[in-house]
Number of protein chains: 2
Amino acid sequence: MYTMTTPAVQAPRGPVTRKDVARYAGVSTAVVSYVVNGGPKKVAPATEAKVQDAIRVLGYRPNAAARALKLGSSETLGLVVPDISNPFFALFSHAVEDAAAALGYALVLSNSDGNLAKERRNIRNLAARQVDGVLLASVLFEPDLEVLETADIPSVLLNQERDAPGFNSIGVDLAAGARMAVEHLIGHGHTNIGLAMGTNVSGSTDGREVGWREALQHAGLPEGPIVYSEFTRPGGYVAGQRLLASVNRPTAIFATSDMQAIGLLRAVHEAGLAVPGQIAVASFDGSVEAEYSWPPLTTVEQPVAEMAEAAVAALVGARRGEEPRHRIFATKLHVRQSCGCP
Amino acid sequence: MYTMTTPAVQAPRGPVTRKDVARYAGVSTAVVSYVVNGGPKKVAPATEAKVQDAIRVLGYRPNAAARALKLGSSETLGLVVPDISNPFFALFSHAVEDAAAALGYALVLSNSDGNLAKERRNIRNLAARQVDGVLLASVLFEPDLEVLETADIPSVLLNQERDAPGFNSIGVDLAAGARMAVEHLIGHGHTNIGLAMGTNVSGSTDGREVGWREALQHAGLPEGPIVYSEFTRPGGYVAGQRLLASVNRPTAIFATSDMQAIGLLRAVHEAGLAVPGQIAVASFDGSVEAEYSWPPLTTVEQPVAEMAEAAVAALVGARRGEEPRHRIFATKLHVRQSCGCP
DNA sequence: CTTTGCTATTGACTCGAGTAGATCTGGGTG
DNA sequence: CACCCAGATCTACTCGAGTCAATAGCAAAG
């Protein structure tokens, strides 16, 4: 006679727990744990097979909350950026997510929208959620470290020049990068090079401004006009309008972010000027957008993937008691057509 | 004599728990919970003050993992997108994060990189992490719903035309949007309108292609050339090259995403053709990038913020037992210069 | 001076998984 | 045949917070 084989135990309602698996496989809950984690104790191959089977049949997935509670780690990292829809941060977030996922960490994302109160709230929120580390791209250049300190969570400050003691930080050599770009423009024969400088809340001078000035001084050239505006497309647009209207109009402009350069290009196009023929442009960041603007932008590329990896590695390292580090990465000039190269 | 007031109980090493607060305040742990949550039972004002004090002094933050374990909810939503560095998804993610944060939910982000295996892994991972809901922008047009089903997690399918029974879905009326754009191009007098169609893994025809065809048929015009390529900038670039090389070169092109249009513009510029003079362009999505391309793109705008809000609301609603819904949003034509308007 | 009827508070159990320490095997000695 | 040992497995406690049933405290009523 043909008999339907029914499992010894009914499939449980709702989420499947370790206990269900244990019952189904006819073993104790401990063995299930050992199998799932390659646990601290060995399990006989035959038993392991039974358990694996039960896991497959019941569709068991260990409860991450319980695991986090017991282990004191949520295997989660928090990322706070000013605005994920800024392509540079989007690129960076992607790289961070990749790096985190490779190490088994999930990524909780939050936007601070250039708002300090929101940034603070986000950090607190992440702290309460027991994230194992926070990556902070602050809206300030001197972020509110106190929140992170009291929360006692490993953290990495991104794009930070200041070495905050006790904190990891990751950044690029802004001055060197800017200098490289401006020197390239000088190499094209420009003697009047303007600067579209992004504004930040800090009092100290941004490295990109320093680099621009250094390059000019080093070449014995006078400083071209500077316009300060936001690090955004609209910011670059108004910067462009103002630079083009300045008494001694520059023949080349260095913009401190790709977004600004994109906005700037629009202003130049609207003015009916040719790029790079009448106005050459170079910028900073190395986002994909720079490659597809018209003309394609010569830009200082940040090694986003390496920075993201280093940032994640620093957080994971911190959990193992490693000392905070300050890492400054070198940039690379990506030459395209906006500078005058063919 | 001057005596240092020392707390009755030493500040504990490591993370502060409810127990520490209870001891410090001289109450039971239950009361602490009641105070923290405005708990199910009332607490005398004087006691509450003592507890609040202790919380402040000790810097207590409830352990989210323990909370999640007990309540079976992590107050977390998962978002799976093909690629966060695609500006459209970046914009969408930002909107989702806003909507989620407004309701007290955190957002776990993961990229599937157009890879089905990775998409599946990400969903499993989110399921294990007990997220309260998943927003899935699948790489497929017929995503792997089984994973979500067995995980038994409320979910929303994004940009999905098919009504998957038992699932929430949010999308836009692709055909209507495309038709609107193509009709606008027809209004400019174009009679040969090409299509740069993004490829997806589905077998069925994309609504945007349908809309393009409908508009042409309705106006009694012949179908212009079609080129299929990826929904990306490089994809649009090669599509542009091919369309420009086609035997009857179109005088206007509809691109099915802003990214494609950006790449297409590059191809047109490289060919030395004027936009919109010799080639008019319209596209689909309504991302910020479309506003700052040259010339600014006329594009079909998706109501991203509303869609994100609806998606999050659907997930939160699902936890309260609401039925799955299928919502299709209307698009809006954003007229700029690439179509020929001044 | 009880007793009733509150309210404020507490003890204790629960969620699901990790793991130390105890227990149970069975095979190999002496 | 009793004994030992190692490997396999199980029992039971723990993590931190939510919450119910039980209790303590106390004022008004009888």
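A note on names: the letters A, B, ... follow the listed sequences, proteins ahead of strands, and every chain is numbered from 1. Please read these numbers as outputs of a predicted model, since none were measured by experiment.
- The side chain to side chain donor-acceptor pair (under 3.5 Å) analysis of residues 95-106 of chain B, with sequence neighbours excluded, yields no pairs.
- By the side-chain contact (heavy atoms from CB on, under 4.5 Å) test, B/S85 is found to be paired with A/A90, A/L91, A/H94, B/D83, residues two or more places apart in sequence or in another chain being considered.
- For the helix from C/dC1-D/dG30 to C/dG30-D/dC1, the angle separating the two terminal helix axes comes to 70°, with each axis derived from five pairs and the value rounded to 10°.
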Exercise for review: Indicate for each nucleotide in nucleotides 12-19 of chain C, in 5' to 3' sequence, whether protein heavy atoms under 4.0 Å reach the base (B), only the sugar-phosphate (S), or nothing (-).
Suggested key: --BBBBBB
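- For A/E306, the salt bridge (Lys or Arg N to Asp or Glu O under 4.0 Å) test picks out no residue, with sequence neighbours left out.
- Between the side chains of B/S33 and B/R18, at least one donor-acceptor pair of N or O atoms lies under 3.5 Å.
- Using a 3.5 Å distance cut-off with no hydrogens or angles, the side chains of B/R121 and B/N125 do not pair a donor with an acceptor.
- Across all their heavy atoms, A/N111 and A/I84 have their closest contact at ND2-N, 2.7 Å.
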Donor-acceptor contacts under 3.5 Å from residues 50-74 of chain A side chains, at least two apart:
unit_1: A/N63; atom_1: OD1; unit_2: A/A65; atom_2: N; d: 2.7
unit_1: A/N63; atom_1: OD1; unit_2: A/A66; atom_2: N; d: 3.0
unit_1: A/R67; atom_1: NH1; unit_2: A/N37; atom_2: OD1; d: 3.3
unit_1: A/S73; atom_1: OG; unit_2: A/E75; atom_2: N; d: 3.2
unit_1: A/S73; atom_1: OG; unit_2: A/D132; atom_2: OD2; d: 2.7
unit_1: A/S73; atom_1: OG; unit_2: A/R319; atom_2: NH1; d: 3.3
unit_1: A/S74; atom_1: OG; unit_2: A/Q130; atom_2: O; d: 2.7

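- Atom-to-atom, CD of A/E48 to P of D/dG7 comes out at 17 Å; the value is rounded to the nearest Å.
- For the residue pair A/S169/A/R325, the side-chain donor-acceptor check at 3.5 Å is not satisfied.
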